[in-house]
Peer 1: 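Mind having a look at this structure? Questions to follow.
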Amino acid sequence: MSQKEVRVRIAPSPTGDPHVGTAYVALFNYAFARRHGGKFILRIEDTDRARSTTASEEAIIRALRWLGLDWDEGPDKGGPHGPYRQSERGTIYREHAEMLIERGHAYRCFCTPERLAELRGEQQKAKASKMGYDGKCRSLSPEEADERGRGGESFTVRLKMPQEGETVLLDGLRGEIRIPNEQSDDQVLLKSDGMPTYHLANVVDDHLMGISHVIRAEEWISSAPKHLRLYEAFGWEPATFLHLPLLRNNDKNKSKISKRRNPVSLDYYRDTGIIPEAMVNFLALMGWSYGEDQEKFSLEQMVERFDLKEGSVSLSGPVFDLDKLSWLNGLYMRELSDEGLVDALMGWRVNRDYLLRLAPLVRDRIQRFDEFLPLISYCFSGDIDYTPVAALLLPKKRKGGETGKMLERLLDKLDAMPAFEVSAMEETFRLFCEGEEWSTREVFMTVRVGLTGRKASPGLFETMEVIGRELTRRRLRLAANFLKQYKG
RNA sequence: GGCCCCAUAGUCUAGCGGUUAGGACGUCGGCCUCUCACGCCGAAAUCCGGGGUUCAAUUCCCCGUGGGGUCACCA
């Protein structure tokens, strides 16, 4: 394992915002590759056809570039092991699944989603210690399975997992991890739409792309036995696995970082004026330390000292602390010259393009230039203090608790919107109010104050569009939290 | 619930058998100063509990406890 060229990858799924966790794992992969003179590869895991979008893929690529974590091979720049987008590798997976069936390591499963849901329901109800697929189709004869498959019956392909014994995972950061095989059920490899699941695609691609080290998040540990089993079934030498800790929310329990509790989109950090170098520096501090009590360092400096072995990463889940990020960002900011700062601001929002978006919202509402910036100052400011405007945020005859919860339900609706633009938002809002015991008047005012801190503003939806999805989510989330605690 | 991972101040971490347990964010106090910020100085605050091993445990082992993850035709 030591002689092999280091080849690592980041494999995001383009199903949403460019996630801060993706950046975190990407950074550690990147630093490891650079440190060992290896290659860093970007692979898009878009096998979930229902949820993957090209917009998300583009956003992820843009965000990783913004951070300066550039890759050697990827869907945008090609490479010797392409394509690097899994949706374009369908036949490869199907051939490999077929190979496993022929070798008796996998089988066709004709169980319907309904049956599986029922099974799951029963297991939950019975509080069964062993959850997962019961292996019903495992005992089908290959002849019968072939025939039913040819007959057009819908099927998935499942991996035959050993049902006894244990799998030993040698984690590069954690040492030996032993997992009883009875914990792993017969995982679906190929979905009925012919697309692979993560498990198959991941192992096949990692092997075909020559990945030497799989550096991924801790949440994958429990499915690692399935991946190891796949390498074995194919007769391949497995990569070395290293499981990084999960980033955590700043809440009581330190749960896995999530957008309900913490901004997770890299776009949020960009939109609030975080300098990419500071972001990278901060992410590096999560679990790793530069040494000599030094907190501030560049990517290049990190690469010089970085390595991954037992003891080199703190394995307890680090809480993502916005205050410390801001402090670090301030350090970077103060290093800029006046000119550099102005350039940075112009790259952010203080520019013609952005002002042009504000102009139509403001022009009818002002009489003099000097009213322009004050009127839309909240487009350039951070979190809003709701204390002085609490009476405006809370509709008359309403309680803080119920209003906060209403906002949370509304946020779920907003999160479900594919595009964040005026007409769609208005429709979402009006539909929402119809289904709720809330008047548009109440909802709109609460949202307006939540977004702007004021009772008067340009059009609500125009405002949301212009400040963007990330700031909208953040402010409404904070407003909801404020309301839930508000006694008055 | 089964299995797995983790455990140094509120937070991020250093430590790798013998330390006054180091640094950073945050908090509090002071200095600087027209104010604020920056900067500087200082303070409070930490080894989850119990057993071992050892002359000696924050450090090694075990058991608890706590937290997290995972148990999808999502990744």
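Just so it is clear: chains get the letters A, B, ... in the order the sequence lines come, proteins before strands, and each one is counted from 1. These numbers come from a predicted model, not from an experiment.
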Peer 1: Could you work out which one of B:U70, B:C3, B:C71 sits closest to the side chain of A:Met131?
Peer 2: B:C71
Peer 1: Any base atoms under 4.0 Å from A:Trp288, or only sugar-phosphate, or nothing? Heavy atoms, all strands.
Peer 2: nothing
Peer 1: Take A:Val319 and A:Glu182, find for each the nucleotide of RNA chain B with the closest heavy atom, and name the residue whose nucleotide sits nearer the 5' end.
Peer 2: A:Glu182
Peer 1: Please state whether the rings of A:Trp288 and A:Tyr290 are parallel, tilted or perpendicular, taking 30° and 60° as the class boundaries.
Peer 2: perpendicular
Peer 1: Looking for any heavy atom pair under 4.0 Å, which part of the strands does A:Ser223 touch: base, sugar-phosphate only, or nothing?
Peer 2: nothing
Peer 1: For nucleotides 26-31 of chain B, give me one character per nucleotide, 5' to 3': B if any protein heavy atom sits under 4.0 Å from the base, S if the only such contacts are to the sugar-phosphate, - if neither.
Peer 2: ------
Peer 1: Let's see if you can work this out: which of B:C4, B:C73, B:G68 has an atom nearest to the side-chain heavy atoms of A:Thr197?
Peer 2: B:C73
Peer 1: Once you apply a heavy-atom cut-off of 4.0 Å, does A:Gly330 come out as touching a base, just sugar-phosphate, or nothing?
Peer 2: nothing
Peer 1: Any base atoms under 4.0 Å from A:Arg158, or only sugar-phosphate, or nothing? Heavy atoms, all strands.
Peer 2: sugar-phosphate
Peer 1: Nearest to the A:Ile221 side chain among B:C38, B:U70, B:C5, which nucleotide is it?
Peer 2: B:C5
Peer 1: For a quick check under 3.5 Å, do A:Asp307 and A:Ser312 share a side-chain donor-acceptor pair by atom type?
Peer 2: no
Peer 1: Under 3.5 Å, is there a donor on one side chain and an acceptor on the other for A:Trp71 and A:Asp76?
Peer 2: yes
Peer 1: Give A:Leu328 one of three labels, base, sugar-phosphate or nothing, depending on what nucleic acid heavy atoms sit under 4.0 Å from its own.
Peer 2: nothing
Peer 1: Using only heavy-atom distances, determine whether the side chains of A:Asp48 and A:Thr15 contain a donor-acceptor pair under 3.5 Å.
Peer 2: no
Peer 1: A:Ser289 has a side chain; which of B:U13, B:G1, B:A24 sits nearest to it?
Peer 2: B:U13
Peer 1: Would you indicate which nucleotide in B:C74, B:C3, B:C12 comes nearest to any side-chain atom of A:Leu285?
Peer 2: B:C12
Peer 1: Could you check whether A:Pro180 gets within reach of a base, just the sugar-phosphate, or nothing at all, counting any heavy atom under 4.0 Å?
Peer 2: sugar-phosphate
Peer 1: When you compare B:C16 with B:U59, how far apart are their P atoms, in angstrom units rounded to a whole number?
Peer 2: 13 Å
Peer 1: What contact category does A:Lys254 fall into here, base, sugar-phosphate, or nothing, at under 4.0 angstrom with non-hydrogen atoms?
Peer 2: sugar-phosphate
Peer 1: Relative to the 5' end of RNA chain B, which residue comes earlier, A:Ile177 or A:Asn253, by the nucleotide with the nearest heavy atom?
Peer 2: A:Ile177
Peer 1: I want to verify a distance call: between B:C5, B:G68, B:C73, whose nearest atom is closest to the A:Ser255 side chain?
Peer 2: B:G68
Peer 1: Quick one: the side chain of A:Glu295 and the base of B:G23, do they pair up donor-acceptor inside 3.5 Å?
Peer 2: yes
Peer 1: Side-chain donor or acceptor of A:Ser13 under 3.5 Å from a matching atom on the base of B:C74?
Peer 2: no
Peer 1: When you get a sec, tell me which of B:G68, B:C38, B:U70 is the closest nucleotide to the side chain of A:Arg334?
Peer 2: B:C38
Peer 1: Answer yes when A:Arg229 and A:Glu232 have at least one side-chain N-carboxylate O distance shorter than 4.0 Å, and no when they do not.
Peer 2: yes
Peer 1: If the cut-off is 4.0 Å, is A:Arg115 near the phosphate of B:C73, judged by side-chain N/O to OP1 or OP2?
Peer 2: no
Peer 1: What nucleic acid atoms does A:Ser316 come within less than 4.0 Å of, heavy atoms only: base, sugar-phosphate, or nothing?
Peer 2: sugar-phosphate
Peer 1: Counting side-chain heavy atoms from CB outward, which of B:A75, B:G23, B:G67 is closest to A:Asp293?
Peer 2: B:G23
Peer 1: Can you say whether a donor on the side chain of A:Gln183 sits under 3.5 Å from an acceptor on the base of B:G2, or the other way round?
Peer 2: yes
Peer 1: In terms of side-chain heavy atoms of A:Met286, which of B:C12, B:C5, B:C73 is nearest?
Peer 2: B:C12
Peer 1: Let's see if you can work this out: which of B:A72, B:C5, B:C71 has an atom nearest to the side-chain heavy atoms of A:Glu218?
Peer 2: B:C5
Peer 1: Would you say the side-chain atoms of A:Asp171 pair up with the backbone N or O of A:Leu173, donor to acceptor, closer than 3.5 Å?
Peer 2: yes
Peer 1: Assign the ring pair A:His227 / A:Trp220 to parallel, tilted or perpendicular, where the plane angle (0 to 90°) is split at 30° and 60°.
Peer 2: tilted
Peer 1: Taking the side chain from A:Asp251 and the backbone from A:Ser255, do they hold a donor-acceptor pair closer than 3.5 Å?
Peer 2: yes
Peer 1: Closer than 4.0 Å, any side-chain N/O of A:Lys226 to the OP1 or OP2 of B:A75?
Peer 2: no
